[in-house]
Amino acid sequence: MHLRSFLYILPLCYLLIGCSSERPFQAQKGHLDLSKVSWENGQTYALSGEWRFYWQQLLTPSQIRNAKAKQQTTFYANVPNTWNNTSPKNENITMYGYATYHISLKLPHNKKTLGLFIPKIWNAAKVYVNDSLVYEIGKVGTRYEEYENSILEKLIPLNYSKDAVHLTVQVANFDLFASGLLQNFEIGEYESLLEQKSIQYSFTLLWLGALFIMGLYHLVLYVYRSQNTAPLWVAFICLLISMRLLVFGEHYLYEYLKIHTAFSYAIQNRVYYIATFLLIPITHYYVNALYPHGTNSLRRLNESSKIYVFLASSAILLISPHYFAPFIPLVQGIAFAFLLYPIFIIIRASIKREKESSLQITGILAMLLAGINDAAHSVGITLSGTLELMPFAFAIFLCLQFIVIARRFSRAFREVEHLNTNLEMKVAQRTQEVTEKNIALEDAYDEIVSSVKYASRIQHAILGDAANVLQSFEESFIFNQPRDIVSGDFYWCDTISKDQQSYQILVTADATGHGVPAAFLTLLGSNFIEEIMHKTPFYTQPARILDELDQKIHHLLNKQANVTLNDGMDISVIVIDEKQKIAHVAGAKGRVFLVRNQQLTEYGGGLYPIGAREQFATEKVFPYESIALQENDIFYTFSDGFQDQFGGNNNQKYMKKRFKDFLLSIHRLNFEEQKQALESAFLQWKGNNSQTDDVLVIGFKIKQ
């Protein structure tokens, strides 16, 4: 334990030593001589010592005088104390019963008004001064049915005409585990006693209010930071101690409740003990919140304490104090045993030098010493006079808990401030880094976009302008909508003359993917098609054209032994023999639509694309057909971008059937209007969705 812990304990030790000093005047054999004491400076005197004691007798002052005259045997009991510790010969002193106490006082003559302070007797009682009944609390009886307990103290003026004053107290108990005169009667100047009790009452009210306010304060702390449950349990501890102090405290509020309301002893008893028992599991929760690394066996002990508290509280609620009171010492002993759990946890934390553990040890020692003192006092053993130390120990314990909570919150705030300072620096540093990276990214992006735009111009230059490409078709359109700056869709169109014959050739292709990778394939495909058309003798055979293109693409993309690329393209080829009026059509998954006489017919297609040999390892066959042409035949060739676009009310694909129906619905329009209709339909269908793929649609009409 740290040296500071002993410094915390010193005030408590001083309190215990100071309170244990003996008073100079003690009654002997029922007599107390106060005729020569000093009454200056508001001095008061406790009527402690040996009082005459009459067991199982409720005697009036006159009956006591007669008992003396008859020279009956007199027994003496120490006050304050329980009568359980008094042992007259041949008498069986029990917890429940009734008795009479008597003391003779010798006071100074012609002294100004004195006062008699009657403490809480904790049983039903009648108090006589000489032959006058000056105070009655509860109902004194010889049987439980005639008895009613009530606990209230009283200050009365002490009027006497002679130097000798006889004080007689009848006491009956049938519902409290401690019986007799448990606190000191006091005598002194009336005004001084009144002032002392007023100060005591005010101090207790102040302590009660402080407990209540601190309980609410810690409850608010928990509400705003529920991750830390320690303030919640401190709040409950404060409020429960407030309830104990409210029902048995020395303050004006207690007097008002007892005098002006139906605040019976049974209610007091239940509230007091239930609040006391609830402190056990709440203390466990509080210690667990501070030091959460307990063992499984200790956690089981914690669970057992909750069951015990539930059973004990239920018994107090259901059973009359008359039957429950004899078991109170046993119940309190078991409750004290359960408190060994948090004591063990705190001692272990102190050994490990965990934060604030020394403060916790100090608070526990204060409670332990006070508990030993008050427990000894309840069975007649005097360690610190008549003073009960538990309220002071509670005050010390709670003040230390406030310090613990305050230090933990202060440490948390310092850590947060430190984190905030570091966080601001880190945020500034990261912001600087992000800004610099953003600038670099913007520069890189601008450079890439500029390069891609330039690549787009190169692509357009190689593929050719739409007006030049379709100059051989009298009526036609090209709807080309790339998804990115460069496109993966391309077309190739040319007119080849051979042996006084002219052939119009149109190739429509959709390369794998889109963007820059697909654009590379478009350039390769366009160059290879150019080479095939002008350097081979089978340019009029679309299926042979596709087969030759497939071999060239595969050979180029798989030159390296360890690298295999599975890219390719979907292509349709149309070769129109102007002299024979025949259209030769072939497709590598690419399709061609022919609209004739309000009917749409589909050609091409097939199972295999160009390239992608790893995926299609079998020998490829490309569908081939020859179509006899008629005037006003309209051909449409396209990529799959239009059909695969997501949109519409249900965010679904446009699909081929809807595309065919739409083309059939617009084929009578002139070709410029058809292009506008396609563009409008596509944008309307897409809506706010991003474009799925490159879109290419080409249409042309056959003229005789």
On a heavy-atom basis, which atom in Thr168 and which in Pro61 lie closest, and how many Å separate them?
OG1-CG, 3.9 Å
Ring of Tyr285, cation from Lys306 - is the NZ or CZ under 6.0 Å from the centre and inside 45° of the axis?
no
Anything under 30° is parallel, anything over 60° is perpendicular, the rest tilted; go ahead and classify Tyr147 against Phe174.
perpendicular
Test item: Val247 and Asn269 side chains (from C-beta on) under 4.5 Å apart, heavy atoms:
no
Side chain to side chain donor-acceptor pair (under 3.5 Å) test vs Ser179 passes for just one of Thr94, Asn173, Asn81, namely Asn173
Between His102 and His166, what is the ring plane arrangement, given parallel below 30°, perpendicular above 60°, and tilted in between?
parallel
Run Tyr254 and Phe248 through side-chain contact (heavy atoms from CB on, under 4.5 Å) and show every step you take.
CA-CA 7 Å; Tyr254 173 81; Phe248 276 122; 4.3 Å; yes
Is it true that the side chains of Asp33 and Ser35 contain a donor and an acceptor less than 3.5 Å apart?
yes
Measuring only between side-chain heavy atoms, which start at C-beta, is Tyr265 closer than 4.5 Å to Ser150?
no
pair Asn123-Tyr98: side-chain heavy atoms closer than 4.5 Å
no
Regarding Lys258 and Glu255, does a basic nitrogen lie under 4.0 Å from an acidic carboxylate oxygen?
no
Considering all heavy atoms, the nearest Pro157-Tyr190 contact
N-CE1, 3.6 Å
Give a yes or no on whether a salt bridge exists between Glu136 and Lys154, defined as a side-chain N under 4.0 angstrom from a carboxylate O.
no
